[in-house]
Protein chains: 2
Amino acid sequence: MEHEVKIPKTRNGKATFQLIIDTTIDLFYKKGYFQTKIKDITDEAGIAAGTFYLYFPNKFVLYKYILMEFQHEIRRQISIQVSNVEGRFEKEKVGIKTFIQFALDNPHAYNIIWESLYVDKQLFINYYDGFAKRYEKGLKQSIEDGEMYDVDTELVSYILMGVANFIGLKVLLELGEDKGNVDEVVDQVMNIIQTGIFKKVK
Amino acid sequence: MEHEVKIPKTRNGKATFQLIIDTTIDLFYKKGYFQTKIKDITDEAGIAAGTFYLYFPNKFVLYKYILMEFQHEIRRQISIQVSNVEGRFEKEKVGIKTFIQFALDNPHAYNIIWESLYVDKQLFINYYDGFAKRYEKGLKQSIEDGEMYDVDTELVSYILMGVANFIGLKVLLELGEDKGNVDEVVDQVMNIIQTGIFKKVK
DNA sequence: ACAAAACATGAATGATTATTCAGTTTGTGA
DNA sequence: TCACAAACTGAATAATCATTCATGTTTTGT
């Protein structure tokens, strides 16, 4: 994958490399992958068209590179946060919170990750299936520990991802609004998941 | 919107019109909006390139047309099914079930609807915001009727959409597998939503 | 059967864009 | 300070596509 990416060796080269990436993230977010042209990237970055090809053979390879960076970063953050709390419920809560917080802090990332479904379906599947499997592992542990009912772990992992994603989406689309009340939103979500939404009918 | 679409007047014209739409749905699903070229559509449909322009001025107008068709159809189906049952919980259950069933019966639609986020963000917002508002209306009624806790209806509507979407996604990506057990999946989902996932800790 | 309307064709045009490469500049280590 | 590697340039090339339109065919109403 990244063999196709030519890593720069000097200070200047690294700066240009990173400039291309940052500019591209911005454009992918604003215009989408397919509507972003190489010329758009190099113009916006203030470099020559040919410079792009010093580091990336084409747009797709750059896209994959950016996707991997996001994936590593979000997993790293969740991993860090989750390790700081005890109990499966608390861990799930922190996991979802970190996920939502990431979407808030990096609205670019959120958008770009989802677009993988249309850029290359296999990329998308790898991404989310990997997530689901991680979730499942934790959920199974919870059931063993008696903290959770004996539910279908695969299904629940998708439900949790769905919830986190739609909350992220909601916030993403409401550009400008609230944004600050992540804790409150997460608390409400977790409360709903914990207690259910509907009253028990006898 | 549809003024830009030239509706055919004869039997033959209608057939060609529909052939273009069906072929396009298939290609959008398989290759995505941006990677589908007009020539791909006309070749696949077995018509001349120019014929496309008899009915649609460009690809985007055709995309919007298809999106509207899906929107009408899914809402129609949900409306029909929901009207057949009593009680908010049952209505939600049937609503989610119909939504998932729709995704199963029309994997094309599911994929194409989501792509609107990248084709034209405003289309996406209109689509899902409309859904959320409909959900909210029902939820508020449920709370009034005492069938539901006094939750944040906007948040819950997004949670329900998130769940339904991710279940749809899961099934979509598992091409070939199960597919038959919609009832069972929906029952599990609704059970989880009704009772919560985690055991109450005193 | 005939004129008008509708439908269909596909080669030609022109716009857009990815990618290359010969030449130039910049930085670095000896 | 010299030589070499790394970085950079942007005009030129070539491929891809959307869209048009002059021409031809089919259908329909009368």
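Convention: sequence-line order gives letters A, B, ...; per-chain numbering from 1.
When each of A:T51 and A:K37 is assigned the nucleotide of DNA chain C bearing its nearest heavy atom, the one mapping closer to the 5' terminus is A:K37. Residue whose closest nucleotide on DNA chain C sits further toward the 5' end, between B:G50 and B:K14: B:K14. Heavy-atom distances to DNA chain D give each of A:A48 and B:T36 a nearest nucleotide, and the one nearer the 5′ end belongs to A:A48. Each of B:K59 and A:F52 has a nearest nucleotide on DNA chain D; the 5'-most of these lies closest to A:F52.
Between A:N12 and the phosphate of D:dA7, there is no side-chain N or O to OP1/OP2 separation shorter than 4.0 Å. Distances shorter than 4.0 Å separate some side-chain N or O of A:T16 from OP1 or OP2 on D:dC8. In this model, the phosphate group of C:dA8 is approached by a side-chain N or O of B:Y55 to a distance below 4.0 Å at OP1 or OP2. In this model, the phosphate group of C:dT17 is not approached by any side-chain N or O of A:K39 to a distance below 4.0 Å at OP1 or OP2. An OP1 or OP2 oxygen of D:dT27 is reached within less than 4.0 angstrom by no side-chain nitrogen or oxygen of B:T10.
When rounded to the nearest whole Å, the span between CG of A:N58 and P of C:dT17 equals 17 Å. Taking atom NZ of residue B:K6 and atom P of nucleotide C:dA8, one finds them 12 Å apart after rounding to whole Å. B:R11 has its CZ atom 12 Å from the P atom of D:dG29, to the nearest Å. The distance from atom CD1 of A:I7 to atom P of D:dA6 is 14 Å, rounded to the nearest whole Å. One can place NZ of A:K9 at 17 Å from P of D:dC4, the figure rounded to the nearest angstrom. Following rounding to the nearest Å, B:F34 (CZ) and D:dT16 (C1') show an atom-to-atom distance of 17 Å. In this entry the distance linking CD1 of A:I41 with C1' of C:dT17 reads 12 Å, nearest Å. The nearest whole Å value for the distance from the CG atom in B:L54 to the C1' atom in C:dA5 is 13 Å.
A salt bridge is absent between A:E144 and A:K140; no separation between the charged side-chain nitrogens and carboxylate oxygens falls under 4.0 Å. A salt bridge does not link B:K133 to B:E136: none of the charged side-chain nitrogens sits closer than 4.0 Å to a carboxylate oxygen.
Heavy atoms only, all atoms of each residue included: B:L123 and B:S116 are closest at CB-CB, 4.2 Å.
Contacts of A:I38 with the nucleic acid, taken as non-hydrogen atoms under 4.0 Å apart, involve only primed sugar atoms and P, OP1 or OP2.
Residue A:F28 forms a ring-ring contact (aromatic ring centres under 6.0 Å, His included) with just one option from A:F70, A:Y33, A:W114, and that option is A:Y33.
Ring centers of B:F56 and B:F17: under 6.0 Å apart, within the cut-off.
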